[in-house]
Amino acid sequence: MNEREVIRVASVRDFKKVSDTVWEIPSSYKDGMRVPARIYATERLIREMDDGVIDQVTNVATLPGIVGHAFCMPDGHWGYGFPIGGVAAMDARSGVISPGGIGFDVNCGMRLVLTNLSFGEVRERLRDLVDRLFERVPAGVGSTGLLKISQDEFRRVVEEGARWCVRNGYGWDEDLERTEEFGCISGADASKISNKAVERGYKQIGTLGSGNHYLEIQVVKPENIFDPQLARAFGITLPEQVAVMFHCGSRGFGHQVATDYLQLFLKVMEKKYGIRILDRELACAPFNSPEGRDYFAAMKCAVNMSFANRQVILHRVREVFSDVFGRDPAEMGLHQVYDVAHNTAKLEEHILDGQPRQLLVHRKGATRAFGPGAHALPPVYRNTGQPVIVGGSMETGSYLLAGVETGSQTFFSTAHGSGRTMSRKQAKRMFQGKQLQRDMEGRGIYVRTVSFSGLAEEAGPAYKDIDEVVGATELAGISRRVARLIPVGNVKG
DNA sequence: ATGTGC
């Protein structure tokens with residue numbers, strides 16, 4: 001069970017060591033690189049990284065308008081076009097937008113909620129909680145939610161995001177303040193999405209999906225608090241405090257939006273805009289073009305769908321806690337700490353060489369991590385820096401981090417999770433879902449799933465060491481550890 | 001990730 005299978009061992013010889021956790025590949029490495037690439041990792045992590053990451057991050061460095069460096073975070077692994085863990089900022093006037101730099105699951109992200117219950121109060125109701133969550137938060141490929149709305153109403157949801165949910169009784173006003181973009185990114189335009197995307201998405205609000213998407217009951221143990229002051233500011237005030245964390249995205253809707261525009265970009269990229277790329281998976285269009293702007297407006301619909309999805313899931317979590325404990329949800333805390341995306345491209349102002357610049361920052365499997373003082377943060381987090389939620393594998397635990405001022409080096413981006421070391425196929429060969437469920441129960445994690453083969457794919461050893469990943473981000477100065485959360489219950493797709 | 005694969 002402890003055996004770790006590594007996809008391939010990367011060669012470290014071409015890298016320039018910038019620091020213990022930053023490795024640079026110069027722009028001379030490959031024809032067409034406009035900027036150097038930088039990989040954030042400890043030596044151990046970079047040796048485990050597969051060669052595909054090196055190839056992909058240096059491909060990204062060739063894209064028109066890229067500034068600074070093409071980055072890969074410590075949890076990086078091979079992805080579609082861009083590595084997962086990739087960060088690339090493009091000049092808003094001269095650069096491109098690329099669906100491969102955002103991910104098919106637009107606004108895949110994390111939400112963290114804290115109860116005011118200690119594990120001692122929850123332990124004997126844990127199975128009941130997980131069983132009911134399993135019923136109320138549908139998981140798996142093609143799953144549909146309990147929310148019944150028309151396709152026309154869905155078009156309003158994708159323009160209004162989590163605000164639509166709160167307005168319709170699915171959440172509290174305070175949830176919006178504690179969501180990136182206040183739960184609704186401006187500029188979403190439902191006239192830019194296809195009917196097919198709407199048809200796939202309108203029944204999927206309030207659902208988890210599959211793969212590494214999950215909903216967990218977690219515990220914060222006192223020995224796992226690294227920054228007591230920030231932990232308190234984020235709402236961790238009790239020993240063995242119980243939390244709920246979930247990870248999901250825009251489901252079939254975001255996938256369809258990405259597919260639609262990928263096809264359009266492949267048609268116009270070379271013929272209309274003369275852009276040549278090394279890998280067709282890097283399909284892109286000038287950000288400042290009709291196609292680029294349309295994709296940006298459509299992609300924002302998927303961003304909002306995902307915020308709405310997680311908002312309704314939070315509502316279900318509150319309903320279930322209320323049912324199980326027979327109390328009003330507000331009596332049990334159930335305050336949202338934060339909701340943050342890790343698959344987006346966002347227009348942001350950053351200082352580059354001392355000058356303010358408008359940049360389109362692609363973060364694909366990378367989390368925005370704004371430091372203290374950032375204007376985009378709500379007053380409650382203006383002085384602490386942004387809460388950053390990093391989901392680990394279902395066996396090993398997750399982290400709450402905070403953004404820091406020195407995060408400017410990566411345009412305020414950090415890791416998003418553990419990152420796979422084993423392909424799904426390898427993991428299925430090595431683990432058996434039912435046995436894994438029993439093993440996990442033996443270690444105090446009650447897990448429910450719709451797919452045992454899917455469960456096997458998510459086994460802890462199929463992922464990098466989360467402690468090593470977040471440790472690298474802290475050493476590099478792109479985020480700071482606040483607390484580690486241990487899973488005790490898990491709903492998996 | 002995804003009504004799972006060009």
Side-chain angles (χ1 to χ4, degrees), chain A residues 52 56 75-86 98-111 137-145 151 154 193-215 246-263 265-267 279-281 283 298-299 301-303 305-307 309-310 313 341-345 362-367 391 393-394 416-420 422-428 433 449-458 462-463 491-493:
Chain A
Q56 291 190 322
D75 51 340
H77 56 113
W78 182 85
Y80 182 92
F82 283 55
I84 294 160
S98 173
I102 293 166
F104 275 76
D105 189 7
V106 176
N107 190 6
C108 185
M110 306 292 307
R111 189 174 285 218
V137 185
V141 175
S143 57
T144 53
Q151 295 191 20
F154 181 75
I193 56 178
S194 66
N195 287 329
K196 196 173 176 184
V198 173
E199 282 162 20
R200 286 184 69 176
Y202 81 107
K203 292 179 180 169
Q204 296 190 314
I205 295 170
T207 64
L208 271 182
S210 65
N212 65 352
H213 289 166
Y214 61 80
L215 184 154
F246 46 96
H247 174 217
C248 61
S250 49
R251 308 284 284 103
F253 176 68
H255 193 276
Q256 191 61 45
V257 170
T259 303
D260 290 342
Y261 281 91
L262 207 56
Q263 284 169 355
F265 286 8
L266 281 168
K267 274 186 214 143
D279 174 359
R280 58 181 267 123
E281 293 185 359
M299 189 267 298
C301 292
V303 167
M305 188 281 183
S306 198
F307 285 141
N309 188 22
R310 292 194 289 270
I313 291 174
H342 50 233
N343 277 7
T344 57
H362 294 71
R363 296 187 183 91
K364 193 249 193 101
T367 313
S393 83
M394 61 187 182
H416 84 304
S418 286
R420 296 196 79 89
M422 219 182 267
S423 71
R424 295 189 174 277
K425 206 183 242 179
Q426 284 174 316
K428 268 191 284 201
T449 180
V450 293
S451 161
F452 284 99
S453 68
L455 189 71
E457 293 176 356
E458 298 305 315
Y463 281 87
V491 174
K492 215 209 73 41

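In what follows, chains are A, B, ... by sequence order, proteins preceding strands, each numbered from 1. From a predicted model like this one, the values you see are computed outputs, not experimental measurements.
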Looking across every strand, which nucleic acid part, if any, lies under 4.0 Å from [X] by heavy atom: base, sugar-phosphate, or nothing?
X: A:Lys196; result: base
X: A:Gln204; result: sugar-phosphate
X: A:Arg424; result: sugar-phosphate

Item to check | Qualifying residues under side chain to side chain contact (heavy atoms under 4.5 Å, CB included), relative to A:Ser393, sequence neighbours excluded | outcome: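 By the side chain to side chain contact (heavy atoms under 4.5 Å, CB included) rule, A:Ser393 matches A:Glu395, A:Thr396, A:Tyr463.
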
Item to check | Those residues that, when tested against A:Gln256, pass side chain to side chain contact (heavy atoms under 4.5 Å, CB included) (two or more places apart) | outcome: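 Listed in chain order: A:Ser194, A:Lys196, A:Ala197, A:Arg200, A:Thr259, A:Asp260.
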
Checklist entry - Is the distance from OP1 or OP2 of B:dT2 to the nearest side-chain N or O of A:Ser210 less than 4.0 Å? => result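 So the side chain of A:Ser210 is within the cut-off, an N or O lying under 4.0 Å from OP1 or OP2 of B:dT2.
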
Next on the checklist: List the residues meeting salt bridge (Lys or Arg N to Asp or Glu O under 4.0 Å) with A:Arg424, not counting sequence neighbours, and say none if there are none.
Outcome noted: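 Checked A:Arg424 against salt bridge (Lys or Arg N to Asp or Glu O under 4.0 Å); matches are A:Glu457, A:Glu458.
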
Checklist entry - Do A:His342 and A:His247 have ring centres separated by under 6.0 Å? => result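 When the ring centroids of A:His342 and A:His247 are compared, they turn out to be within the sub-6.0 Å range.
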
Next on the checklist: Which residues pass the ring pair (Phe, Tyr, Trp, His ring centres under 6.0 Å) test with A:Tyr202, not counting sequence neighbours?
Outcome noted: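 Here no residue qualifies.
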
Checklist entry - Which residues satisfy the ring pair (Phe, Tyr, Trp, His ring centres under 6.0 Å) test with A:Phe246, sequence neighbours excluded? => result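 A:Phe246 satisfies ring pair (Phe, Tyr, Trp, His ring centres under 6.0 Å) with no residue once adjacent residues are dropped.
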
Item to check | Position toward the 5' end of DNA chain B (nearest nucleotide), A:Arg280 or A:Glu458 | outcome: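 Nearest-nucleotide comparison on DNA chain B picks A:Glu458.
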
Checklist entry - What residues in residues 247-257 of chain A put a non-hydrogen atom under 4.0 Å from any atom of DNA chain B? => result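 Result for residues 247-257 of chain A: A:Arg251, A:Gly252, A:His255, sorted by number.
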
